[in-house]
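Worksheet for the structure shown next.
Chain A is the first sequence line, chain B the second, and so forth, proteins listed ahead of strands; every chain is numbered from 1. All of these numbers come straight from a predicted model, not from anything done at the bench.
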Amino acid sequence: EPEVTQTPSHQVTQMGQEVILRCVPISNHLYFYWYRQILGQKVEFLVSFYNNEISEKSEIFDDQFSVERPDGSNFTLKIRSTKLEDSAMYFCASSAQGSEQFFGPGTRLTVL
Amino acid sequence: KNEVEQSPQNLTAQEGEFITINCSYSVGISALHWLQQHPGGGIVSLFMLSSGKKKHGRLIATINIQEKHSSLHITASHPRDSAVYICAVKNTDKLIFGTGTRLQVFP
């Protein structure tokens, strides 16, 4: 069964460093999403992406964040200068038009 | 006020019991999802529904669009059902999540 994959599973970084979180969505899906979950809190929407552009973003998704689909398979989330409060689990999801979203296993980001 | 509210926050049950988890929302939606999150963190989609009722094995999900309310039922609960169950609504292009219901089923 096709699935969304994410790498790495755990990323530890120093405050101020750039990180890139990678996702491989399900191959025939056209809609891509990033969500985050701070420990002990609910999952929050960051950004949605369709047709090579951002279709919607939340207040959390400020100038420090960017997304890219550099080739036909990967979908990346970049945080330019990480802050302590960026520590969270980051989930990638993908969907076909009008269908449910399928989630990846997540990347746990720890900012020291 | 949260746009998606779930109740209860925590639920314990004996194996075999019938479980109900409730979700109310205050925004316009095109669909509602029920998701399961295990301690390792991964999120699995259980149902997506926009009207009526869906059933998959021992799980049943219902939605009442007029009342902006959905329920997830688990029949004949089992310890392996222990997880966090999350209601999320599709609003424009994004999902808005509830805080989740932590279910523990004891043998």
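- For the atom pair CE of B/Met48 and OG of A/Ser95, the computed distance is 8.5 Å after rounding to the nearest 0.5 Å.
- The residue from B/Leu95, B/Leu35, B/Ile43 that alone fulfils the side-chain contact (heavy atoms from CB on, under 4.5 Å) condition with A/Gln101 is B/Leu95.
- Remark: A/Leu112 CG is packed, more than 12 non-hydrogen atoms of other residues, nucleotides or ligands lying under 6.0 Å away.
- Only the side chain of A/Tyr35 comes within contact range of chain B, with at least one heavy atom under 4.5 Å from a heavy atom of that chain.
- There is no contact between A/Ser58 and chain B, counting heavy-atom distances below 4.5 Å.
- Sparse packing is recorded around NZ of B/Lys53, with 12 or fewer heavy atoms of other residues, nucleotides or ligands lying under 6.0 Å away.
- Side-chain contact between A/Phe91 and B/Gln37: present, with at least one pair of heavy atoms (C-beta onward) separated by less than 4.5 Å.
- Neither the backbone nor the side chain of A/Phe102 comes within contact range of chain B; no heavy atoms are under 4.5 Å apart.
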Passes side chain to side chain contact (heavy atoms under 4.5 Å, CB included), B/Asn2 versus A/Lys42? Steps please. CA-CA 11 Å; B/Asn2 288 325; A/Lys42 64 180 180 179; 3.4 Å; yes
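- No more than 12 heavy-atom neighbours from other residues, nucleotides or ligands sit within 6.0 angstrom of CG on A/Asp63.
- Dense packing is recorded around CD of A/Glu85, with more than 12 heavy atoms of other residues, nucleotides or ligands lying under 6.0 Å away.
- Around atom NE2 of B/His56, no more than 12 heavy atoms belonging to other residues, nucleotides or ligands sit under 6.0 Å away.
- A 6.0 Å sphere centred on CZ of A/Arg69 holds more than 12 heavy atoms belonging to other residues, nucleotides or ligands.
- Formation of a donor-acceptor pair under 3.5 Å by the A/Glu56 side chain with backbone atoms of B/Asp93 is found in this model.
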